[in-house]
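Everything quoted here is computed from the prediction, not taken from an experiment. Because only heavy atoms are used, hydrogens play no part in the values below, and waters and symmetry mates are left out as well, while side chains stay in.
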Amino acid sequence: MYSYTDFDRQFIRQRAAQFRDQWQRHRDGALSDEAFRPLRLQNGWYIQRHAPMLRVAVPYGELSSAQVRVLARIAREYDQPGAAVFQGAVAAQNRLGAVQLRDGRAIASRLPTGYGHFTTRQNVQFNWIALDHAPEVMDLLASVDMHGIQTSGNCIRNISTDALAGIAPDEVADPRPYAEILRQWSTLHPEFAFLPRKFKVAIVGALEDRAALHWHDVGLQLRRNAAGALGFTVLVGGGMGRTPVLASTICDFLPWDQLLNYLEALVRIYNAWGRRDNMYKSRIKILVRAQGQRFFDEVQAEYQRIVLQDGAPHTISVAELERVSACFAPPARLGSEPCADDRVARLLRLSAEDDLEFERWLQRNVHAHQNPALRAVTLSFKRLGQAPGDASASQLDAVAELADRYSAGEVRVTHQQNLLLPWVRCEELPELWRAARRLGLAQAHIGLLTDLIACPGGDFCDLANARSLTIAEALTQRYQDLDELHDLGPIDLHLSGCINSCGHHHSGHIGILGVDKDGQEWYQIALGGSDGSRLSGAPAAGKVLGPAFTASEVCDAIEAILETYQELRAPGERFLQALHRLGHEPFKAAANAVRVATARSLEQAAEAL
């Protein structure tokens, strides 16, 4: 992990002190709500549906066990609303009512307190911290080199990457040193503090894209050219939301030392040309689509001015790259003897009864490593009665213990809202499995249907049109049979509560989007999305099947789609492969066949014509 210098720590603590002063002046009436709003936002403080929400930055997803323990303390001591606030929230959610399913189940909103929530961009959020406690929470975060700087606002947000960065066998180069250099360059950048809209960057150093590069404002893929030199393919203009757009290649090969100079040019042109008159058209994806080659040419011209006229002031030196890279050296506590999964399974058979459960866990939750004596292990935060990505204070404390005992004190937040232990010795896998199973974190379903992504939706978010967590819970309840899940095979299911797409529904093999119709919750279903990973193939936005479904119908529609897949698939054929071969029509027909309320609406609309 990156080791903070005295300068880094002084910077974060000064920022915390600055926020405390801003908060005090706001509390004293010297700063209006309007004046305080951008100040709190650029420190990660939102005002959500029921209470403030804090987003904590986790650069490129890496956390130490000490940091996890502080997050646990924040969850335990501060993510606790007052009685009046909580009672008002419960009353508001009760007015929405439970989601009544056709099989007789009713899924109501849950409003858990004392939890942290892992996001798809590798950050952590808290939903209930009162603004009265904001300064002390920021001081507590600063004590372990954490903050909320630029987790909101129209600025360059957290730099995200592959959770397997630095350990993946298919890696060309470790992206974390470059991500850290980008973090330092972009933090409080004086020119880019008030961009037309938020700006998200992802970087991958492996052959496989495990960070959804094409869905970011800028995506950076490390690679080597024909001469063996290291550089980046630069993608620009990707994003979801109202207008899903895949990023385009603006530079096929950028030498690694020119990364900051080039991004300075790119963001500068966006800052100058991006629309500020319409927030729905202010993202760089709209600008790139509208200007096309003209935008690319202007970025190249600005880059040349920076290099030739300004002297390339942000060229990364070899010494600086080596300094930062040294922070990401593998920990000393490593194994050396190569280990195969079959040997681990034999070890387990000497002391465990349920071999099948363990072997499934090895298959789904344990990942190959650059060091043949090690494995990376995903801890699942998807289970009944708990929102995807939610972790209680006690679970966070337990994860810190697991990290210290089995993973050199390090844990990572994944794009899929789980946690990953990156430094596990093979001979300790059986023991880790038992410990994770006791904690409820060893579900052998990573990459399967119930390892779904979901945003907080209408249970917490002020922007949401519909609840996503109730639908996620209903689907999780329906698909609890591991035999069935493994038979269905890898399926990415993504849910968003509104068009802002925080649940990445556009890139799901099955995507569900909550929409509002006359004050009621409805859900669009799309099929065929891809994040660009090897499993999913080329990045693509899913195609909507047709009119939205009511909350009571959506689970039946998903079940009908999956049953159609099971009936029509060829031997060994995965869901996306079957969809591409068969087309959308069989799945659309199956989903439409379960309509009840929406069927009547469609019939009435047809009669009106």
Side-chain angles (χ1 to χ4, degrees), residues 58 60-63 116-125 158 160-165 167-168 200 202-204 206 208-216 240 360-361 363-368 375-383 386-391 395 399 411-422 436 440-457 468-469 471-473 475-476 479 485-486 488-496 501-512 529-537 539 542 574-576:
V58 185
Y60 37 92
E62 286 197 335
L63 288 166
H117 173 74
F118 309 126
T119 77
T120 56
R121 299 206 72 255
Q122 302 180 295
N123 291 316
V124 179
Q125 296 178 176
N158 186 46
S160 62
T161 188
D162 177 4
L164 295 175
I167 62 175
K200 300 177 181 180
I203 177 172
V204 166
E208 181 175 3
D209 176 7
R210 288 182 285 264
L213 293 181
H214 286 81
W215 291 107
H216 282 76
M240 296 192 184
R360 279 179 168 170
W361 182 78
Q363 175 191 357
R364 302 305 322 173
N365 297 46
V366 179
H367 318 286
R375 295 292 185 269
V377 175
T378 299
L379 302 174
S380 172
F381 280 83
K382 318 290 174 62
R383 64 180 187 177
Q386 187 167 313
D390 273 10
Q395 286 174 328
V399 165
V411 64
R412 300 181 184 179
V413 184
T414 75
H415 168 64
Q416 291 79 19
Q417 299 178 288
N418 293 310
L419 292 181
L420 181 134
L421 300 177
L441 304 178
Q443 293 91 330
H445 67 164
I446 300 304
L448 303 180
L449 185 73
T450 53
D451 183 26
L452 51 84
I453 288 175
C455 70
S468 54
L469 301 183
I471 302 301
E473 175 71 8
L475 288 168
T476 300
Y479 290 96
L485 287 174
H486 281 259
L488 286 169
I491 296 175
D492 289 343
L493 176 63
H494 299 173
L495 297 91
S496 295
S501 313
C502 294
H504 291 209
H505 65 277
H506 290 300
S507 66
H509 303 167
I510 301 174
I512 302 174
S530 167
D531 57 8
S533 62
R534 185 177 295 123
L535 167 67
S536 302
R574 291 177 169 174
F575 178 77
L576 269 190

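Atom CZ of Arg574 is surrounded by 12 or fewer heavy atoms from other residues, nucleotides or ligands within 6.0 Å.
When side chains are defined from C-beta on, Leu441 counts as touching Phe381, because their heavy atoms get closer than 4.5 Å. Ser496 places none of its side-chain heavy atoms less than 4.5 Å from the side chain of Met240. Residues Val413 and Leu419 have side chains in contact (heavy-atom distance under 4.5 Å, counting atoms from C-beta outward). Two residues are said to be in side-chain contact when any heavy atoms from C-beta on lie closer than 4.5 Å; Thr414 and Phe118 fail this criterion. Side-chain atoms of Ser468 and Ile512, non-hydrogen and from C-beta on, never get closer than 4.5 Å to each other. Residues Leu420 and His367 are in side-chain contact: their nearest non-hydrogen atoms beyond the backbone lie under 4.5 Å apart. No side-chain heavy atom of Arg412 sits less than 4.5 Å from a side-chain heavy atom of Gln122. Residues Thr476 and Leu452 have side chains in contact (heavy-atom distance under 4.5 Å, counting atoms from C-beta outward).
Between Tyr479 and Leu485, the shortest heavy-atom distance links the atoms O-CD1, 3.6 Å. Minimum interatomic distance between His504 and Thr120 (heavy atoms only, all atoms of both residues): NE2-OG1, 3.3 Å. Of all the heavy atoms in Trp215 and Asp531, the pair that sits closest is NE1-CA, 3.9 Å. Taking all atoms of both residues into account, the shortest heavy-atom contact from His117 to Pro388 is CE1-O, 3.1 Å. Across every non-hydrogen atom of Cys455 and Leu469, the tightest pair is O-CD2, 3.4 Å. Of all heavy-atom pairs spanning Ala376 and Ile167, the tightest one is CB-CD1, 3.8 Å.
Looking only at distances, a side-chain donor or acceptor of His509 sits under 3.5 Å from a matching main-chain atom of Asp492. With Asn123 contributing its side chain and Val58 its backbone, the two residues share a donor-acceptor pair below 3.5 Å. For Thr161 (side chain) and Ile203 (main-chain N/O), a donor-acceptor pair under 3.5 Å exists by modelled atom type. A donor-acceptor contact shorter than 3.5 Å is absent between the side chain of Asp451 and the backbone of Lys382. No donor-acceptor pair closer than 3.5 Å links the side chain of His415 to the backbone N or O of Ser160. Side-chain N or O atoms of Gln417 include one that pairs as donor or acceptor with a backbone N or O of Ala454 at under 3.5 Å. Looking only at distances, no side-chain donor or acceptor of Asn418 sits under 3.5 Å from a matching main-chain atom of Ser380. Using modelled atom types, one side-chain atom of Arg364 and one backbone atom of Ile446 make a donor-acceptor pair closer than 3.5 Å.
Going from atom NE2 of His486 over to atom CZ of Arg360 covers 4.5 Å, rounded to the nearest 0.5 Å. To the nearest 0.5 Å, atoms CG (Leu448) and CG (Leu493) are separated by 11.5 Å. Atom NE2 of His494 sits about 7.0 Å away from atom CD of Gln416, to the nearest 0.5 Å. The CG atom of Asp162 lies 14.5 Å from the OH atom of Tyr60; values are rounded to the nearest 0.5 Å. We find the NZ-CG distance between Lys200 and Asn158 to be 10.5 Å, quoted to the nearest 0.5 Å. Separating the CD1 atom in Ile510 from the CG atom in Leu475 is a distance of 8.5 Å, to the nearest 0.5 Å.
A side chain to side chain contact (heavy atoms under 4.5 Å, CB included) with His214 holds for exactly one of Ser530, Pro539, Ser507; it is Pro539.
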